[in-house]
Visitor: 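Before anything else, here's the structure in question.
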Amino acid sequence: MLSLGDSFSCGEGVGVRLDVSRTWTGVLAAGIGAELTVLARPGATTCDVRTTQLPLALGVAPAWATLLVGLNDVFKTRFDTDRMHADLAELIGRLHSAHAGLLVARLHDPCELLPLSNRLKTIVGCKVAAVNAMIDSLAAPGIVVVDLSRLAALRRREAWAVDRLHPSPFGHTAIAAAAARGLAAAGTWPAGDVASISCGAPPTRLAECRWVVRHGVPWVARRAPMLGNAFTAMLNQ
């Protein structure tokens with residue numbers, strides 16, 4: 001099984017690191033008995049996946065592929081819907097044609113647990129809706145679509161790491177279980193055995209504050225000026 005996308009699929013984010021075997025693709029691969037090759041890279045946008053990961057995927061013998069991408073695009077100030085649609089169309093079309101199967105994830109609301117203003121939540125929400133609409137329009141028979149926005153587990157603080165942006169092991173397992181159900185429902189893979197894990201305790205406020213100081217503020221300054229003081233506000237919650 002090939003894994004394409006960003007930090008959600010490779011387990012490495014800003015100040016957050018998780019072994020690949022505990023990411024949703026790692027848990028899914030183990031559950032369905034597939035060997036995993038991770039092409040996903042942290043910070044990857046849809047364009048990055050198309051230009052750097054897709055050629056590698058096309059050079060691999062037919063296998064299942066997973067694609068979860070778009071979150072890095074929606075947090076950028078510049079959001080070119082036409083360009084992104086073209087990139088997604090090429091990604092989904094070529095992966096679907098070249099491999100035994102393709103699983104694509106619709107995005108969740110990444111702002112639900114972030115202390116953002118309503119205006120910023122609306123901006124990001126509109127971008128997420130646009131990405132999901134693209135995925136819906138490009139879905140074809142034989143493509144399994146998993147909708148992260150429908151996963152109740154992802155609305156719990158325990159499902160997220162200290163940054164509130166990347167899944168915790170509990171969150172990854174919830175995504176993997178949904179993916180396994182999607183594959184089984186489509187009849188394209190036998191029902192997988194994704195082991196459940198306890199949700200555990202959410203990160204402490206002290207841990208969140210340390211992440212904000214060490215990683216959050218520099219990340220916002222470098223890559224997402226539209227977020228303003230969002231992560232700094234976590235210090236005051």
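This one's a predicted model, so the numbers in the text were calculated from it and none came from an experiment. Scope of the values below: all heavy atoms of this structure, side chains included, with no hydrogens, waters or symmetry mates.
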Visitor: Pair up each side-chain donor or acceptor in residues 29-43 with any protein partner under 3.5 Å, not counting sequence neighbours, and list the distances.
Guide:
{"unit_1": "Arg41", "atom_1": "NH1", "unit_2": "Val38", "atom_2": "O", "d": "3.4"}
{"unit_1": "Arg41", "atom_1": "NH1", "unit_2": "Leu39", "atom_2": "O", "d": "3.4"}

Visitor: When the ring planes of Phe8 and His166 are compared, do they come out parallel, tilted or perpendicular, using 30° and 60° as the limits?
Guide: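 If you compare the ring of Phe8 with that of His166, the planes turn out tilted.
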
Visitor: Quick check: closest heavy atoms across Pro167 and Ile175, and the distance to 0.1 Å?
Guide: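 Residues Pro167 and Ile175, closest heavy atoms: CG-CD1, 4.2 Å.
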
Visitor: Can you tell me how far the CZ atom of Arg22 sits from the CG atom of Asp19, to the nearest 0.5 Å?
Guide: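 Arg22 atom CZ to Asp19 atom CG measures 8.0 Å (nearest 0.5 Å).
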
Visitor: Is there a donor-acceptor contact under 3.5 Å from the side chain of Glu12 to the main chain of Leu18?
Guide: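 Judged by distance alone, no pair lies under 3.5 Å.
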
Visitor: What are the two closest non-hydrogen atoms of Val128 and Pro110, and how far apart are they?
Guide: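 So the minimum-distance heavy-atom pair works out to CG2-CD, 3.7 Å.
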
Visitor: Have a look at Lys127 and tell me which of Ile123, Val131, Val124 forms a side chain to side chain contact (heavy atoms under 4.5 Å, CB included) with it.
Guide: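 Among the candidates, only Ile123 passes.
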
Visitor: Verify, without hydrogens or angle tests, whether Asp6 (side chain) and Val69 (backbone) share a donor-acceptor contact under 3.5 angstrom.
Guide: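 Side chain of Asp6 to backbone of Val69, a donor-acceptor pair under 3.5 Å: no, none is there.
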
Visitor: Can Asp48 and Arg50 be counted as an ion pair, charged N to O under 4.0 angstrom?
Guide: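 The answer is no: the pair does not qualify as a salt bridge.
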
Visitor: Checking side-chain contact (heavy atoms from CB on, under 4.5 Å) for the pair Val104/Val144: CA distance, chi angles, key distance, verdict?
Guide: CA-CA 6 Å; Val104 181; Val144 176; over 6 Å; no

Visitor: Sub-3.5 Å donor-acceptor pair from the side chain of Arg156 to the main-chain atoms of Trp160, do we have one?
Guide: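 No; judged by distance alone, with no hydrogens or angles, the pair does not exist.
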
Visitor: Taking Asn72 for its side chain and Ala44 for its backbone only, find out whether a donor-acceptor pair lies under 3.5 Å.
Guide: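 Checking the backbone N and O of Ala44 against the side chain of Asn72, a donor-acceptor pair under 3.5 Å is found.
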
Visitor: Could you pull out the closest heavy-atom pair between Ala139 and Val145, with the gap in Å?
Guide: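 That closest heavy-atom pairing would be CB-CG2, 4.0 Å.
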
Visitor: Output, in order, the C-alpha distance, side-chain angles, deciding distance and verdict of side-chain contact (heavy atoms from CB on, under 4.5 Å) for His85 and Ser137.
Guide: CA-CA 10 Å; His85 187 277; Ser137 70; 3.7 Å; yes

Visitor: Do Asp73 and Thr46 pair up side chain to side chain, a donor and an acceptor below 3.5 Å, judged on atom types alone?
Guide: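 On atom types as modelled, these side chains qualify, holding a pair under 3.5 Å.
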
Visitor: Over all heavy atoms of both residues, which pair between Gly70 and Leu107 is shortest? Give the atoms and the distance, please.
Guide: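 In this case the closest contact between Gly70 and Leu107 is C-CD1, 3.9 Å.
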
Visitor: Answer yes or no: is there a donor N or O on one side and an acceptor on the other, between the side chain of Arg155 and the main chain of Ser149, under 3.5 Å?
Guide: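 Looks like yes, one N/O pair under 3.5 Å.
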
Visitor: Passes side-chain contact (heavy atoms from CB on, under 4.5 Å), Leu183 versus Leu28? Steps please.
Guide: CA-CA 10 Å; Leu183 291 175; Leu28 175 63; 4.3 Å; yes

Visitor: As a quick check of understanding, evaluate side-chain contact (heavy atoms from CB on, under 4.5 Å) for Leu56 and Val60, giving each step before the final call.
Guide: CA-CA 7 Å; Leu56 297 175; Val60 176; 6.0 Å; no

Visitor: Nearest 0.5 Å please: distance from the CG atom of Asp109 over to the CG atom of Leu148.
Guide: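 Rounded to the nearest 0.5 Å, the CG-CG separation comes to 11.5 Å.
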
Visitor: Measuring from Cys10:SG to Leu4:CG, what's the distance to the nearest 0.5 Å?
Guide: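 Rounded to the nearest 0.5 Å, the SG-CG separation comes to 11.5 Å.
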
Visitor: Run the salt bridge (charged side-chain N to carboxylate O under 4.0 Å, His left out) test against Arg94 and tell me which residues pass, sequence neighbours left out.
Guide: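 Partners of Arg94 by the salt bridge (charged side-chain N to carboxylate O under 4.0 Å, His left out) criterion, ordered by chain and then number, come out as Glu90.
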
Visitor: Just how far is it from atom CG of Leu71 to atom OG1 of Thr45, taken to the nearest 0.5 Å?
Guide: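 Here the interatomic distance stands at 12.0 Å.
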
Visitor: Between the side chain of His96 and the main-chain N/O of Pro141, is any donor-acceptor distance below 3.5 Å?
Guide: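 Confirmed, His96 side chain pairs with Pro141 backbone.
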
Visitor: Output the distance between atom CZ (Arg106) and atom CG (Leu151), rounded to the nearest 0.5 Å.
Guide: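 Going from the CZ atom of Arg106 to the CG atom of Leu151 covers 11.5 Å.
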
Visitor: Can you give me the closest heavy-atom contact between Trp64 and Gly101, atom names plus distance?
Guide: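 So the minimum-distance heavy-atom pair works out to CE3-C, 3.3 Å.
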
Visitor: Using a strict cut-off of less than 4.0 Å between a Lys/Arg side-chain nitrogen and an Asp/Glu carboxylate oxygen, indicate whether Arg150 and Asp147 qualify as a salt bridge.
Guide: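 Here Arg150 pairs with Asp147 in a salt bridge, since their nearest N and O are under 4.0 Å apart.
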
Visitor: Report yes or no: does His99 contribute a side-chain atom to a donor-acceptor pair with the main-chain N or O of Leu95 at less than 3.5 Å?
Guide: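 Flag set: sc His99 to bb Leu95 pair under 3.5 Å.
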
Visitor: What pairs meet the salt bridge (Lys or Arg N to Asp or Glu O under 4.0 Å) rule with one or both residues in residues 61-72, with sequence neighbours excluded?
Guide: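 Output for this query is empty, none listed.
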
Visitor: Would you kindly say whether Trp24 and Ser9 are connected by a side-chain donor-acceptor distance under 3.5 Å?
Guide: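 Per modelled atom types, Trp24 and Ser9 side chains form a pair under 3.5 Å.
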
Visitor: From Leu138 CG over to Ile143 CD1, what is the distance, rounded to the nearest 0.5 angstrom?
Guide: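 Atom-to-atom, Leu138:CG and Ile143:CD1 are 8.0 Å apart.
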
